[in-house]
Chemist: 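Below is one structure. I have some questions about it.
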There are 2 protein chains.
Amino acid sequence: MKHFSEMSESALRVVDAAEGLIQERGYNGFSYDDVAKLVGIKKPSIHHHFATKGDLAAAVAQRYTHRFREQLLRIEVQHAKAQDRLTAYATLFENTFAAEQRLCVCGMLGAEANSLPEGVVHEVSRFFEANTEWLAMVIAEGQRAQQLRAQPDARALAEACLATLEGAMIVARSVRGARGPAGVAQTYLSTLLA
Amino acid sequence: MKHFSEMSESALRVVDAAEGLIQERGYNGFSYDDVAKLVGIKKPSIHHHFATKGDLAAAVAQRYTHRFREQLLRIEVQHAKAQDRLTAYATLFENTFAAEQRLCVCGMLGAEANSLPEGVVHEVSRFFEANTEWLAMVIAEGQRAQQLRAQPDARALAEACLATLEGAMIVARSVRGARGPAGVAQTYLSTLLA
DNA sequence: GTCTATACAGTGATAGAC
DNA sequence: GTCTATCACTGTATAGAC
């Protein structure tokens, strides 16, 4: 697959449109024609940039993961304490959700994983693994600095944290008045504090 | 909508098939023809039982919620301590997931909520609300009995617990070697203990 | 890089016979 | 309750001109 940094401007506009559609309706809920209408070109022009729908979705997931990792780095630089880093992490999900109840691209694709082309699932798994690894690092550091309770091991807590945020977006989508990911994460975070 | 207790045997076989398909591929990932093939009848016969796809999905969600509530009652009867009840609760999700990585029906539909007929979303929200309410009750009782930490309020912990389980199924679906809902829930539960 | 035209299977849904 | 036949439409994808 071509890396998004080498894509033409048109191709990137296609990725932009597809990303929003995946977050709103999922892989099985949008079509090449939906993308074409959003970008302002015709359906076969999309195929020129991405031969198959799976290629397009994989590109969306790849760029999403890349951008997410950049945000994680930025959080590491801007915040020193574990609780501040985790709060900023939750804000990433909250900001996504605040925009028209958009889901995490990989949360949506993860749910659909069993009906997705292999290449897409691979990109999704990379997203989850990168997030778990980063969270485990942050939590382990916080435990060593005695900012967080030392109790369960960092990797397990990281998995639980990621699952909580992904799940919170999904539940909040259909329950009127439910708290969004930031609120739920705050509850989770409070159980980790020393 | 007709209640499933008044449905014909054929209609129930249709609901069985649709339930499995929704858990595997989601609302937008299955068709009337898929259901017909599983049941062993033709496509228009499905329409005889459920006029629209939305009607069918709503019936699936309704029955799923009803059965889930029965299980919650059973847990209340069989287990007295909060931690045992919560572990049994997590086992419900684990059992679902253990069968071919099946998702919670309402977790899947919740992700797709923005592209679903209104009636389906309503049933999904009832599922989440019933679960949150039950969990809040169990947790509040556990806190009063000093089996759980008294720290954050029971309702917030209940929301976090539900989100964690729903999210854990989704993450585990695309990450090879990730722990399932039971494992992740155990981590969450350990942070609640007194 | 974009277009028109088109192939071809699948979609949810309806009509009407048995 | 199930069927055959069919509807109008949408789906992904391709061929080939500009």
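Convention: sequence-line order gives letters A, B, ...; per-chain numbering from 1.
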Chemist: Do the ring centers of B:Phe4 and B:Tyr64 come within less than 6.0 Å of each other?
Modeler: no
Chemist: Take atom CG of A:Asp34 and atom C1' of D:dT12, then tell me their distance rounded to the nearest Å.
Modeler: 13 Å
Chemist: Phosphate oxygens OP1/OP2 of C:dC3: is one of them under 4.0 Å from a side-chain N or O of A:Ser45?
Modeler: yes
Chemist: Could you tell me whether B:Ser10 contacts a base, only the sugar-phosphate backbone, or nothing, with contacts defined as non-hydrogen atoms closer than 4.0 Å?
Modeler: sugar-phosphate
Chemist: Return no unless some side-chain N or O of A:His47 is found under 4.0 Å from OP1 or OP2 of D:dA15.
Modeler: no
Chemist: Under 4.0 Å: is that the gap between some side-chain N or O of B:Ser31 and OP1 or OP2 of C:dG10?
Modeler: no
Chemist: Report the C-alpha distance between B:Arg126 and B:Glu129 in whole Å, list the side-chain angles of each, state the deciding distance to 0.1 Å, and finish with yes or no for salt bridge (Lys or Arg N to Asp or Glu O under 4.0 Å).
Modeler: CA-CA 5 Å; B:Arg126 286 189 50 218; B:Glu129 277 162 3; over 6 Å; no
Chemist: Would you verify whether the NZ or CZ of A:Lys53 falls within 45 degrees of the ring axis of A:Tyr32 while also being under 6.0 Å from that six-membered ring's centre?
Modeler: no
Chemist: Assess, by modelled atom type and distance only, whether the side chains of A:Asn131 and A:Tyr89 contain a donor and an acceptor separated by less than 3.5 Å.
Modeler: yes
Chemist: Report yes or no: do A:Val184 and A:Leu192 belong to one cluster of Ile/Leu/Val/Met/Phe/Trp/Tyr joined by side chain heavy-atom distances under 4.5 Å?
Modeler: no
Chemist: Tell me the interatomic distance from A:Leu12, atom CG, to C:dG1, atom P, rounded to whole angstroms.
Modeler: 11 Å
Chemist: Report the distance from atom OH of B:Tyr27 to atom C1' of C:dT11, rounded to the nearest whole Å.
Modeler: 12 Å
Chemist: Side-chain donor or acceptor of A:Lys43 under 3.5 Å from a matching atom on the base of D:dT12?
Modeler: yes
Chemist: To the nearest Å, give me how far apart CG (A:Asp33) and P (C:dT11) are.
Modeler: 18 Å
Chemist: Check whether any side-chain nitrogen or oxygen of B:His48 sits under 4.0 Å from OP1 or OP2 of D:dG1, and answer yes or no.
Modeler: yes
Chemist: Could you state the atom-to-atom distance from OH of B:Tyr32 to P of D:dC3 in whole Å?
Modeler: 15 Å
Chemist: Round to a whole Å and report the spacing from CG of B:Leu56 to P of C:dA13.
Modeler: 10 Å
Chemist: Which one, D:dA13, C:dG1, D:dT4, comes nearest to the side chain of A:His49?
Modeler: C:dG1
Chemist: Within the structure, does a side-chain N or O atom of B:Ser8 lie under 4.0 Å from either OP1 or OP2 of D:dG1?
Modeler: yes
Chemist: Measure from CZ on A:Arg25 to C1' on D:dT10 and round the result to the nearest Å.
Modeler: 13 Å
Chemist: Reckon A:Phe30 touches a base, only the sugar-phosphate, or nothing at all at heavy-atom distances under 4.0 Å?
Modeler: sugar-phosphate
Chemist: According to a strict under-4.0 Å criterion, is B:Lys53 in side-chain N/O contact with OP1 or OP2 of C:dG12?
Modeler: yes
Chemist: Please state how far atom CE in A:Met7 lies from atom C1' in C:dG1, giving the value in whole angstrom units.
Modeler: 16 Å
